[in-house]
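Everything below concerns the one structure shown next.
Proteins get letters first, then strands, A, B, ... in listed order; numbering begins at 1 in each. Bear in mind the structure is a predicted one, so any value in this text is a computation, not a measurement.
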Amino acid sequence: MTASTDSATPLLHVEGVSKGFPGVQALDDVRLDLRHGEVLALVGENGAGKSTLMKLLAGIYTPDTGTFRLNGEELAIEGPRHAQELGISIIHQEFNLMPDLTVAQNIFIGREQRSAGVFLDDRALNRRAQELFDRLGLALDPSERVEQLTVARQQMVEIAKALSFDAKVLIMDEPTAALNDAEVDVLLDLIRRFRTPETGVIYISHRMEELARISDRVTVLRDGRYVGTRVTAETDPKEIISLMVGREITGEQRPASTPHEGEPMLSVRNLSTKNLLRGVSFEVHAGEILGFAGLMGAGRTEVARAIVGADRLDAGEILVRGRAVTITNPAEAAKLGIGYLSEDRKQLGVLLERSVRENIVLASLRDYVTRLGFVRDGRIEATGREYVEKLRIKTPSTAQLVRNLSGGNQQKVVIAKWLAKDCDVLIFDEPTRGIDVGAKEEIYTLLRQLADQGKAVIMISSELPEVLRLSDRIAVMAEGRLTAVLDNADATQENLMDYATRFSSEGTIAQ
Amino acid sequence: MSPTTTQPTSGPTPSTTAFAAVEAGTPRLAWLRGSVQQLLAFASLIVIVAVFSFASPHFFTTNNLVSILTAATVTGILALGTTFVIITGGIDLSIGTAMVLCGVMAGVFLTYLGWPLWAGVGATILFGALIGFINGVNISVFGIPPFIATLGMMLIAAGLSLVISGTKPIYFTETPDFQSIMNLSIVPGMRFPLGVAIFIVMIVVAAVLLSKTIVGRYTFSIGSNEAATALSGVNVRRWKIIVYTLAGLFVGLAGVLSASRLSSAQPTGGMGLELEAIAAVVIGGTSLQGGKGSIVGTVIGALIMAVLTNGLRIISVPQEWQSVAVGIVILVAVYLDMLRRRRT
Amino acid sequence: MSPTTTQPTSGPTPSTTAFAAVEAGTPRLAWLRGSVQQLLAFASLIVIVAVFSFASPHFFTTNNLVSILTAATVTGILALGTTFVIITGGIDLSIGTAMVLCGVMAGVFLTYLGWPLWAGVGATILFGALIGFINGVNISVFGIPPFIATLGMMLIAAGLSLVISGTKPIYFTETPDFQSIMNLSIVPGMRFPLGVAIFIVMIVVAAVLLSKTIVGRYTFSIGSNEAATALSGVNVRRWKIIVYTLAGLFVGLAGVLSASRLSSAQPTGGMGLELEAIAAVVIGGTSLQGGKGSIVGTVIGALIMAVLTNGLRIISVPQEWQSVAVGIVILVAVYLDMLRRRRT
Amino acid sequence: GGGSGSDEGGGGDKPYIALVSKGFQHQFWQAVKTGAEQAAEEFDVEITFEGPDTEADVDQQIQMLQTALDKNPAAIGFAALDSQAAGPLLQQAKDAGIPVIAFDSGVESDIPLTTAATDNTAAAAEAAKQMAEAVGHEGKVALVVHDQTSVTGQERRDGFVDYMEENEPNIEIVDVQYGGGDQAKSADLAKAIISANPDLKGIYGSNEGSAIGVVQAVKELGIDPTQLVVVGFDSGKAQMDAIRDGLMIGAITQNPVGIGYETVKAAVEALDGKDLPKTIDTGYYWYDASNIDDEEIQAVLYE
Ligand SMILES: Nc1ncnc2c1ncn2[C@@H]1O[C@H](COP(=O)(O)OP(=O)(O)OP(=O)(O)O)[C@@H](O)[C@H]1O
Ligand SMILES: Nc1ncnc2c1ncn2[C@@H]1O[C@H](COP(=O)(O)OP(=O)(O)OP(=O)(O)O)[C@@H](O)[C@H]1O
Ligand SMILES: OC1CO[C@@H](O)[C@H](O)[C@H]1O
Ligand SMILES: [Mg+2]
Ligand SMILES: [Mg+2]
């Protein structure tokens, strides 16, 4: 069943690899085989060690023990550049882009085009990038600065960059976490085209349905250990999940359509911004989850940011419990009981250099302060531990720096931050980005509990099944307008897609 | 481990990561964590002290150690306030000349206006806070980058000191007690000046503020990720103003102490003091990128500077060599500190 | 809403984002983008010039404008090199005293050792590069934070200038032509010094280096995201050393020009010049966080400072008020610049 | 020349004289400025008085001189930080027919018509003589000097040191340190010198800030003033108080008001075409508790 029984030399062979960090054994005697021409899915819970293994392959960390073989030849990977030279190309879970440079400059950094041997030729560079995009079927502007791209587009830049190398082994660490279904299609298509008898792909994802679509085999890690490998065609998500978590996960079904006639907690009327939004109106009631669907750039994030005062709104009215309010910054929103969890975890979500518990109480710190302004560290620790347990955040202690957590566990910390604060209206923007299947269910349960406690929850998500799974009602956006608000019972993937593409001729990455 | 080139200066170095992880634990331990980190800088300090003690019998005497503390007091107090500012990711270049201006204002309040001692001293410290407040508003409300905002204030304060004083020193003729604030001997049979005791009290105050109060928490949060802090509903604008105002309070106090020491408000000077204070902060392990730092570190940094200056004089190193020596020692001390952190 | 509070200083601000979105386009436009951004600072410069021209007939004269350029030359050249350093996210505090040391070395080469003019000047510039190289190694290889590494160098250079010169000015008695480098009139019938022409050439050189060559590209890339740049296989260590060395070349040249201007190598001073140069860079819109900046901006920043200093003297503002005025104008200019950028 | 360049002073057609000094913020320079203003009033001329922030800022001074020239003054008063550095500009003044008067520190050049200054070497020797007597012609003494590179700093150091070497074989100079004229810094370094030399007999501070710093050090260490002789330079309230309180035995004072006055006066005379002496010695005085209140001394002291 495993690759070692296979007679052919695998493209990449990993054996006996261990890697420890202080307090954490991230990898323990892990093995893995990537065969020629295959897509190998690598799965496991948050913190299972997937990214760590990939960082070893990329030359960012050196293993404590273990061997790597490329086409049977043993390797010592000395650094990122060396990995590149060996033909290992990687898309990291966290972006590694230079926001001040253009798309083309980012893609070809270190491989600049020069004219007359001295001067940079950015036109040639742009041309090369354009050729690459044409070949890959991506609608990216080579001369746009990366800083201005949405998270999804940045992801596409990373993908284009990885594919621009003449790589033999392509590693993708959760490339679709920030992508929409349409973009996922584009990506999977790219992967299929990349695959040749000389190449192989390691594909990390928490989205089970993708595995069936793209992978040939699936390798599972649990708690830093190798659990097993299955041929995709011969297994099903259920088996994979039980290998991952060591228990069965039973997802609940879509919520029964209980129309919420409670008072509108938040009403938004005719919201418009200079850039994008045009007359967005909706309300969300106490006790309900309002899902937001739409394509990339549809403006869902922008609606959220405008509501909490992170961006200026040019027109429109916001009412909290029927009372008109003006919100000019997120602090005022917080005072009114509105919280916003950003989709951009690294830039706008976590404090990487601070501890898990400090991050968890950041939004609610005032609840942990005496009248004289002293912080109650004991209670902070108690809360921190409570959420570490509740969300099963994998960390040696609540004092661990968030930087040292795996991506999915960082996301859990951000969620905990908002669960710890008593808000009436919670806006979650892509809350399950990078979260493993098991934990997703737990988070759904928590969101539902919040609603049941009488809070109004807005959930923006690019995964339609998730929106359908959780929302009482679903708002759909396209090009800055609200095109529909549906009851869950009336919604299907098909009609949501339909509304999401109203007025829309472009606006996705795919051409 | 990974080569240095793969890590951003501001970002995660494997070393600090590893280190912090070792230290991470209960909140009790967290208290210690900062201090332990500083123990490394502390080791440099000890080595420097040992070398000087060995080189001259006059170095490690009570009198001389008190002299060192006295010399460290004013810069040290400035550095305490600056630590907060730097941890938010900001900088304050105005502290030197603002301190001079506060001294002049003490002269105005006490001598020109004849206010009683407590009122004049209180007003001076508040005046320092006002300068800090204006810095904070310029930075936070008007969006002027801290470097520019405080550079502007540096120049304004330098000029105003001259204008207000009429380019003359102001003497504290109305309040002869004023000079006791810095100079009063508080330990019988020893020359231990009140000013040094005030410095020590301020160290404790600053340490508690930074690690035990909400100001300190937000100081770290803002420096760690300002945007994320703001999106968490923290009124970042207001807290930044508070931090600069707090730094201004320290500046006001430093102004009182330095004027008290000289029994006069000197309207000149102050330029360059900001670099000394910032250097103390940074030598103490606080990162100019924000988000990291400690009061213990700053105090050690200030002491390293003061001990070096004093010790080189005690062993009569020719003056032109003194700054060379200070420069080299700073480089070596910080480098060794790096090395050890990396190893741990 | 408040862009300042909700956005990280280093990250994308809605303002620049929006602005850049307008400007972003073909590479041709990208060339312009930097410049247009600077036009805003340029407007401040124009206003300041207009005000002084109106206030005094002596201000807008050829002679005085040349005086302003002459005054801007040395700081301006320092600021050019510093622009690269700051865009990488670093800082160089050593430029002022290192420049002084380079001047002293020019004296050593030309007067003490009696080298021919070209050799002495060349060696001086290379000596500047050496200082920069050492800074680069300290930062890049030894991992000392730029602030500390260059602060150490600042002190070392200040001391070495005194040591090497024997605390006396060195005069260029062997090479009387030396003073022509800065002072030679190159436009017949006018006092247009060669030094200013050199400054202008260096502006062009720096602009081309920054926007058209690989050094410039990596300068921006490192400042934008050092870790990502390293992960992309760029030898960040090496390129940082190159950038500091490049800044050192500018320091060496500034040392030659200032010694030439004074017909003597003055072994003191230089402290404070680094702040002036950094101020010019930052007023010109380069961010201390790194990743953003332009040479045009730096030049405008340097001119704003030089025009202010000169104009206030020309209109005989009492000296104690001059620094107040400079401080306020800097604050206002940068604030207006912010406002406009936000609006665009 | 021409005296038309004074529109900014608002004084109509008065001749305009630009004074570029070595400093501005020091009391000493403010006293020079006062003297210059007195003369300006008396002779009905317009003056400006500027100086660099510190006496290390040669370049800043050159720029000030350049700006002064661009304002087209009738005459220039100049206290050079470095005479050679100002060479080209002085030449420019000469070419434009603008008379130059040097003050405080001589300019090695024949362009200035005269120099109004103190003989610093002689003044420092006087301080040394007083010190020698006060310590009983034997023991260790040290110097806290305001500046290592300026002419006044060097002259006041060398004048003192040379006197001791030539005349006082039993006096040993153990240390010379430089505090930039900053009081707190000078105090700290004086304390270090005292700590390092417990048997020190005397310290000499070479200008106001240095001298007050030394006094402060003595105060802070609680040393009996009879055990450690302090000799100062210049005046100012703190220094005068120290002398009255016995913390300092005495000091040299220059006549800064006189320097300023004589400079402007000489400039006016030059404009009137009068001949000027090569130097104008503005004199110095030793003052101590015994003569501090004398009229002659009070006239040259400043608070
Ligand atoms: N630099 C580090 N220091 C300390 N611990 C670390 C470090 N990097 C990773 N870890 C720990 O190692 C474990 C494995 O992390 P890794 O990032 O490989 O998980 P992952 O499988 O990629 O998870 P996710 O699905 O959440 O991305 C986690 O417990 C994480 O906290
Ligand atoms: N085609 C586009 N190119 C570049 N920027 C775009 C484009 N469309 C929208 N944007 C920018 O994206 C933002 C709006 O997208 P927003 O993030 O709100 O969408 P979303 O529906 O949340 O999608 P997602 O977060 O999945 O990208 C605005 O700032 C807008 O300026
Ligand atoms: O350098 C000076 C400052 O102090 C005064 O005493 C001197 O006369 C000046 O030359
Ligand atoms: Mg991961
Ligand atoms: Mg979004």
If you draw a 6.0 Å radius around [atom1] in [X], do more than 12 non-hydrogen atoms from other residues or ligands fall strictly inside?
X         : atom1 : answer
Tyr112(C) : OH    : yes
Lys185(D) : NZ    : no
Phe43(D)  : CZ    : yes

- Task: Just give me the residue among Gln154(D), Gln66(D), Gln92(D), Gln63(D) that pairs up with chain C most often, heavy atom to heavy atom, under 4.5 Å.
- Result: Gln63(D)

From [X] [atom1] over to [Y] [atom2], what is the distance, rounded to the nearest 0.5 angstrom?
X         : Y         : atom1 : atom2 : answer
Leu89(D)  : Leu262(C) : CG    : CG    : 9.5 Å
Ser263(C) : Ile62(D)  : OG    : CD1   : 8.5 Å
Asn63(C)  : Asp70(D)  : CG    : CG    : 5.5 Å
Asn72(D)  : Thr61(C)  : CG    : OG1   : 10.0 Å
Ser316(C) : Phe49(D)  : OG    : CZ    : 14.0 Å

- Query: Where on Leu162(C) is there a heavy atom nearer than 4.5 Å to chain D: the side chain, the backbone, both, or neither?
  - Reply: side chain

- Message: So, applying side-chain contact (heavy atoms from CB on, under 4.5 Å) with Gln266(C), which one of Asp82(D), Asp57(D), Leu81(D) is it?
- Response: Asp82(D)

- Can you check side-chain contact (heavy atoms from CB on, under 4.5 Å) on Thr167(C) and Tyr178(D), steps first, answer last? CA-CA 12 Å; Thr167(C) 67; Tyr178(D) 306 84; over 6 Å; no

- Query: Taking the side chain from Lys71(D) and the backbone from Arg313(C), do they hold a donor-acceptor pair closer than 3.5 Å?
  - Reply: yes

- Pairwise side chain to side chain donor-acceptor pair (under 3.5 Å) hits with a residue in residues 31-42 of chain D, at least two apart: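 Residue pairs passing side chain to side chain donor-acceptor pair (under 3.5 Å), neighbours aside: Glu42(D)-Tyr261(D).
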
Show me the donor-acceptor pairs within less than 3.5 Å that the side chains of residues 319-329 of chain C make with the rest of the protein, sequence neighbours left out.
unit_1	atom_1	unit_2	atom_2	d
Gln319(C)	OE1	Gly51(D)	N	3.0
Gln319(C)	NE2	Gly51(D)	O	2.4
Gln322(C)	NE2	Val317(C)	O	3.0
Gln322(C)	NE2	Glu50(D)	OE2	3.4
Ser323(C)	OG	Leu155(B)	O	2.9
Ser323(C)	OG	Gly159(B)	N	3.2

